[in-house]
Amino acid sequence: QVQLVESGGGLVQAGGSLRLSCAASGRTFSRYVIGWFRQAPGQEREFVFAVSPNGDMSYYADFVKGRFTISRDNAENTAYLQMNSLKPEDTAVYYCAATWTDSYYPTLPSKTNEYDYWGQGAQVTVTS
């Protein structure tokens, strides 16, 4: 299994940027799909972005198009979510998650119950 720890959250003004990091333990990090989810107060956890084990495929929610980028550095056992042009509605707790899957069809996993391992979450607050 793998343990995940998020960092890089904080408070930022609308239009600004943050980069979240997801540091993982274990020698098999490069075999896992990594996903990012977020949960605002009173709302269900929603999918944000996912990246394949070797970084050659990604899948994202419509609301992040043109603003967020996902990446990973398997040599450092770390995945990243770069968030630009942040909006107040992006305010949420952001979670990284991992799953081992043999199939990426039709898309990378995007449901919470498709992921097996979760970080503790990082608060992102965007002010107007």
Undergrad: Is it true that T78 and D73 share a donor-acceptor pair across their side chains at a distance under 3.5 Å?
TA: no

Undergrad: Which residues pass the side chain to side chain contact (heavy atoms under 4.5 Å, CB included) test with T99, sequence neighbours left out?
TA: V33, P109, Y115, D116

Undergrad: For a quick test of reading the model, state the closest non-hydrogen atom pair linking S52 to Y104 and the distance between them.
TA: CB-CE1, 4.4 Å

Undergrad: For the pair Q43 (side chain) and Q39 (backbone), establish whether a donor and an acceptor sit closer than 3.5 Å, ignoring hydrogens and angles.
TA: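 No, because the side chain of Q43 does not come within donor-acceptor range (under 3.5 Å) of the backbone of Q39.
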
Undergrad: Roughly how far, to the nearest 0.5 Å, is CG of L108 from CD1 of I34?
TA: 11.0 Å

Undergrad: Scan residues 69-103 for pairs that pass ring pair (Phe, Tyr, Trp, His ring centres under 6.0 Å), counting only residues two or more places apart or in two chains.
TA: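 Qualifying pairs, neighbours excluded: Y32-W100.
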
Undergrad: Do the side chain of E6 and the main chain of C96 share a donor and acceptor less than 3.5 angstrom apart?
TA: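 Yes; at least one donor-acceptor contact below 3.5 Å.
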
Undergrad: Quick check against the 3.5 Å criterion: does S25 have a side-chain atom that pairs as donor or acceptor with the backbone of V2?
TA: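 Such a contact is absent between S25 side chain and V2 backbone.
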
Undergrad: Rest of the hydrophobic cluster containing L11 (Ile/Leu/Val/Met/Phe/Trp/Tyr, side-chain heavy atoms under 4.5 Å)?
TA: none

Undergrad: Measure from the side-chain N and O atoms of R67 to the backbone N and O of F63, and report whether any donor-acceptor pair falls under 3.5 Å.
TA: yes

Undergrad: Ring centroid separation for F37 and F49, is it under 6.0 angstrom?
TA: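 No - the distance between ring centres of F37 and F49 does not fall below the 6.0 Å cut-off.
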
Undergrad: Whether the E76 and N74 side chains hold a donor-acceptor pair (N or O, under 3.5 Å, no angle test) is what I'd like checked.
TA: no

Undergrad: Got more than 12 heavy atoms from elsewhere within 6.0 Å of OH, Y60?
TA: no

